[in-house]
Amino acid sequence: MRDGFVKVAVSSPELKVADCRFNKERMVEKAVQLSEQGVKLLVFPELSLTGYPCNDLFLQDTLIESASRALEDYVEEVAALDLVSFVGLPIVYKGRLYNVAAVVNGGEVLAFVPKKHIPMYAEFYEGRHFDGWDGPNEKMDSGLFRYVPIGNRFLFQEYTLGSDFSFAVEICEDLWVPNPPSGQHAVEGALIIANLSASDELTGKAVYRRELVKNQSARTLSAYLYADAGEGESTQDMVFAGHNLIAENGAVLAEAKSFADSHDLITEIDLKKLKSERRRMTTFTGRQSNAVSGSGLSEKGCGYETIVFEVDSETATTLTRRYSRTPFVPETKTHREERCDEILSIQANGLAKRLKHTGCRSAVIGLSGGLDSTLALLVTVRAFDLLGIDKKGIECVTMPCFGTTNRTYENAVHLAEELGTNLREINIKEAVTVHFRDLGHNESVHDITYENSQARERTQLLMDIANQTGGMVIGTGDMSELALGWATYNGDHMSMYGVNCSVPKTLVRYLVQYFADTSENDTLKRVLYDILDTPVSPELLPPKEGEISQKTEDLVGPYELHDFFLYYVLRFGFTPMKIFRLASYVFDGIYEKDVIFKWLSTFYHRFFRQQFKRSCLPDGPKVGTVAVSPRGDLRMPSDASDALWKEELEWIRESLV
C-alpha cells in the first residue's frame with residue numbers, strides 16, 4: 001500500500017449452478033491463492049454462490065438457505081486472509097428477496113449491498129424473483145446475519161488510511177442505466193467501484209461492455225473492477241464468457257478475453273493518482289459522508305454511511321502493471337501518428353491566428369540544424385499554408401559561430417531550401433568577438449559568458465530582422481528545456497510566439513519523424529532523418545575533430561528520464577519517493593538506481609531554481625495536459641524553496657547507501 005498502490009483482482013471461478021457448497025469451495029481456493037499474491041480487494045461475479053441463471057430455483061428455500069450457510073462457511077474459511085472480498089448471493093430481508101453483494105473482511109460480513117436496478121427485458125427476468133433496493137440503509141433484524149448492515153449507500157474505508165483507500169459497490173445492471181449509482185458513490189469519496197456482474201455474451205457486446213466500464217471509470221475518476229459470470233453458468237438461454245475488466249480513470253489496465261481458460265485479473269490501482277485527479281477537477285464535488293469510527297454505522301439518515309475495514313496498509317505493493325517510459329508519447333504507431341498530426345495542427349493553427357491577428361506576413365526563425373528549430377520551422381510552414389502566404393515570407397536565419405559543425409550547418413541550409421523558405425546566413429563570430437572585447441572577456445575561457453554571449457547575439461539579430469521584415473520571431477525552445485531551465489535568459493529563452501513551449505523533448509523527436517515519414521520529398525526526408533540522428537546540443541563550445549563536443553544529455557541528463565519525472569511531477573503531483581520508485585521500476589535494466597537518483601536530484605534542483613525563466617514566457621499553444629505557462633498551467637513562485645523535496649531526496653539517497 002505504500003505510495004498509494006493497492007493490489008486488486010477480479011475472478012470468475014469454476015461454478016456449478018445451484019451447488020452452493022461447490023461454488024463456495026472454489027471461491028475459497030481463489031481467495032487463498034490471490035491473497036498469497038498480495039491482493040487486498042477481490043471481486044467475484046454476481047450471485048456467485050448460487051450461479052446466476054437459477055431462475056425459479058431462487059424461489060426455493062433450499063437454495064436460499066444453502067447460499068446463506070455457504071456464505072457463513074466462506075467468511076469463516078477466509079477470516080485469516082488479509083483481504084476484502086465481494087461475494088454474490090440471494091438474501092431474504094423483510095420477506096423480500098434481494099440480489100446482494102456480501103462485503104467480507106476479517107471474519108465478518110461488513111454489509112450486504114443489494115442491486116438497485118432489476119432488469120426485466122427479454123433475456124433477464126430478475127424482477128420475477130428479486131426486488132430492487134432504493135431506500136435508506138438498515139440493519140438485518142433476523143437470520144444468520146442479524147445486525148449486518150444492508151443498503152446501497154455505503155462507503156467502505158480502510159481503518160488506517162481512511163479516505164485514501166475507499167470503495168463502494170454496484171451490481172451489474174446498475175452500471176447500464178442512465179444514472180449509475182457509482183456516480184454518486186464516487187462523489188461521496190469512493191476511489192474504487194466494485195461491480196459484481198452476470199452479463200451474457202452477444203455479438204458485439206464485449207466491445208460495448210469494455211467502453212462502458214472504461215468510460216464510467218473516467219467519468220467517476222475511479223478504478224472500476226468488473227467481475228463477469230463465466231462459462232460455468234447454465235447455457236439454457238444465455239452464454240456467459242467471463243469478460244472481466246479492471247479500468248482506472250478511462251484506461252483499461254487488465255482485461256480477460258471472453259471464453260479464455262483463465263479469467264483471473266490482477267493488477268495495482270494507484271489511489272494517489274486518482275485523488276490527484278479529483279483535486280484538480282474542481283467540478284468533482286459532493287457532500288461529505290457520515291464517517292464513523294470502528295465498524296459501525298452513523299446513527300441515522302438517508303445519506304451515505306461509512307463502514308470501516310482493515311487490511312495491512314504498510315507493506316509495499318509489488319508492482320506488475322505496465323507504465324510507459326515515454327508518458328507523453330502514444331505507444332502504438334497508429335496512435336502516435338494521430339497524435340502527431342493533431343499536435344502539429346494545434347501548433348500551426350495557433351501560430352496562424354497570431355500571424356493573422358498581428359498582420360504579420362513574415363516569420364523569423366533561428367535555424368540551427370537541431371530538432372527544436374526544425375520542428376518550429378515545420379510548424380511555421382504549415383501555418384503559412386493554412387493562411388495561403390508565400391513561404392518565402394519565412395526568414396530562416398542560420399548563424400554559425402564557434403561551436404557550429406558542418407553537419408548541423410548543412411542540414412539547416414538544405415532544410416530551408418527544400419521547404420521553399422528564404423535563407424539568410426549571418427556568421428556571428430566577429431560580432432561575438434567584439435562583444436568579448438567590450439566585456440573584457442578572454443575568448444579562450446569557455447565559461448557561461450562565452451556560451452550565453454553567442455545565444456544572446458543570435459536573439460538580438462532575430463529580433464532586429466523581425467523589425468526589418470515586419471514579422472515576428474518564432475520561438476524554438478521545448479517544454480523539457482523550460483522545465484530544466486536549459487535556456488539562455490533573453491537568449492533562446494525569448495521570442496514573440498513559442499510554438500514548441502508545451503512539447504516535451506521526447507515528443508519533439510516523434511513529431512519531426514512523423515513529418516519525415518509522411519513527406520513525399522526524398523531529399524527533405526534524408527535531411528530530417530539526419531537531424532533525428534544528430535546528438536542534441538546547443539553547439540556553444542568548439543567542436544572536437546569536427547564533431548559536436550557539447551552533448552546536452554551528458555550535462556543535464558537523459559531527456560527520457562527528465563520527461564518521465566516532469567510528467568509525474570506536474571500531471572499528478574507525485575512525491576520524489578514515488579517518482580523514484582516508478583522510474584526504478586520502469587527503467588529497470590536501462591539505468592541503475594543511483595543514476596536515476598542522480599538525475600532526479602538534478603531535475604528538482606533545476607526545476608525550482610529556474611522558475612524565473614518560466615514566469616515570463618512568451619505566448620505559445622498548449623498541446624497537452626501538462627504545460628508550464630505561467631498564465632494558466634504552472635503558477636509557481638519564482639522563489640519557492642525546494643527544502644521539503646530535497647529532504648525526501650535525502651531519504652532516498654540514504655536508502656541507496
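These figures come from a predicted structure and were not determined experimentally.
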Check ring-ring contact (aromatic ring centres under 6.0 Å, His included) between Tyr510 and all other residues, then give those that pass, not counting sequence neighbours.
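Tyr510: no ring-ring contact (aromatic ring centres under 6.0 Å, His included) contacts found.
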
Give a yes or no on whether the backbone of [Y] and the side-chain of [X] come within a donor-acceptor separation of less than 3.5 Å.
X      : Y      : answer
Arg458 : Met399 : yes
Ser222 : Tyr224 : no
Lys613 : Gly485 : yes
Arg424 : Thr398 : no
Thr459 : Gly491 : yes

What's the spacing between Ser480 OG and His562 NE2 if we round to 0.5 Å?
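Separation between the atoms: 9.0 Å.
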
Supply the atom-to-atom distance Gln347 CD to Cys501 SG, rounded to the nearest 0.5 angstrom.
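Answer for the CD-SG pair, Gln347 versus Cys501, is 8.5 Å.
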
Determine whether [X] and [Y] make a side-chain contact, defined as any pair of heavy atoms from C-beta on separated by less than 4.5 Å.
X      : Y      : result
Glu457 : His435 : no
Ile579 : Tyr604 : yes
Phe564 : Pro327 : yes
Phe580 : Ile596 : yes

State which residues pass side-chain hydrogen bond (donor to acceptor under 3.5 Å, both in side chains) with Arg325; sequence neighbours excluded, sorted by chain then number.
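Counting only residues at least two positions away or on another chain, Arg325 forms no side-chain hydrogen bond (donor to acceptor under 3.5 Å, both in side chains).
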
Please work out whether the ring planes of [X] and [Y] are parallel, tilted or perpendicular, with thresholds of 30° and 60°.
X      : Y      : result
Phe574 : Phe572 : parallel
Phe603 : Phe607 : parallel
His441 : Tyr450 : tilted
Phe402 : Phe436 : parallel

Does a sphere of radius 6.0 Å around [atom1] in [X] hold more than 12 heavy atoms from other residues, nucleotides or ligands, not counting ones at 6.0 Å or beyond?
X      : atom1 : answer
Glu654 : CD    : yes
Arg339 : CZ    : no
Lys353 : NZ    : no
Lys356 : NZ    : no
Asp447 : CG    : yes
Lys622 : NZ    : yes
Glu592 : CD    : no

Output every pair passing side-chain hydrogen bond (donor to acceptor under 3.5 Å, both in side chains) with a member in residues 359-380, not counting sequence neighbours, ordered by first then second residue.
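As it turns out, the side-chain hydrogen bond (donor to acceptor under 3.5 Å, both in side chains) pairs with a partner in residues 359-380, which skip direct neighbours, are Ser362-Thr469, Ser368-Ser373, Asp372-Lys505.
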
[X] bridged to [Y] by N-O distance under 4.0 Å:
X      : Y      : value
Arg614 : Asp633 : no
Glu337 : Lys333 : yes
Asp530 : Arg407 : yes
Asp270 : Lys578 : yes
Glu211 : Lys214 : yes

Please report the closest heavy-atom contact between [X] and [Y], naming both atoms and the distance.
X      : Y      : answer
Ile548 : Pro535 : CD1-O, 3.9 Å
Gln550 : Pro538 : OE1-CG, 3.4 Å
Thr318 : Lys7   : O-NZ, 2.8 Å
Leu649 : Phe597 : O-CE1, 3.1 Å
Met636 : Ser615 : O-OG, 4.2 Å
Phe5   : Leu582 : CZ-CD2, 3.8 Å

Before giving the answer on salt bridge (charged side-chain N to carboxylate O under 4.0 Å, His left out), spell out for Arg653 and Glu650 the whole-Å C-alpha distance, their side-chain angles and the decisive distance to 0.1 Å.
CA-CA 5 Å; Arg653 188 193 65 77; Glu650 181 61 22; 2.4 Å; yes

Sort out for me which residue in [options] forms a side chain to side chain contact (heavy atoms under 4.5 Å, CB included) with [X].
X      : options                        : answer
Leu367 : Leu415, Val397, Thr421, Thr476 : Leu415
Ser276 : Arg278, Arg280, Lys273, Lys272 : Arg280
Val432 : Arg437, Glu443, Gln454         : Gln454

Would you please indicate yes or no on a ring centroid separation below 6.0 angstrom for Phe612 and Tyr489?
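Tyr489 vs Phe612: aromatic centres under 6.0 Å.
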
Glu560-Tyr591 side chain donor-acceptor pair, cut-off 3.5 Å:
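Yes, a side-chain donor-acceptor pair sits under 3.5 Å.
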
Do the side-chain N and O atoms of Thr320 and Glu268 include a donor-acceptor pair separated by under 3.5 angstrom?
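Side chains of Thr320 and Glu268: pair found under 3.5 Å.
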
Would Ser519 and Asn521 count as a side-chain hydrogen bond (donor to acceptor under 3.5 Å, both in side chains) if you check the C-alpha gap in whole Å, the side-chain angles of each, and the deciding distance to 0.1 Å?
CA-CA 5 Å; Ser519 174; Asn521 182 325; 5.5 Å; no

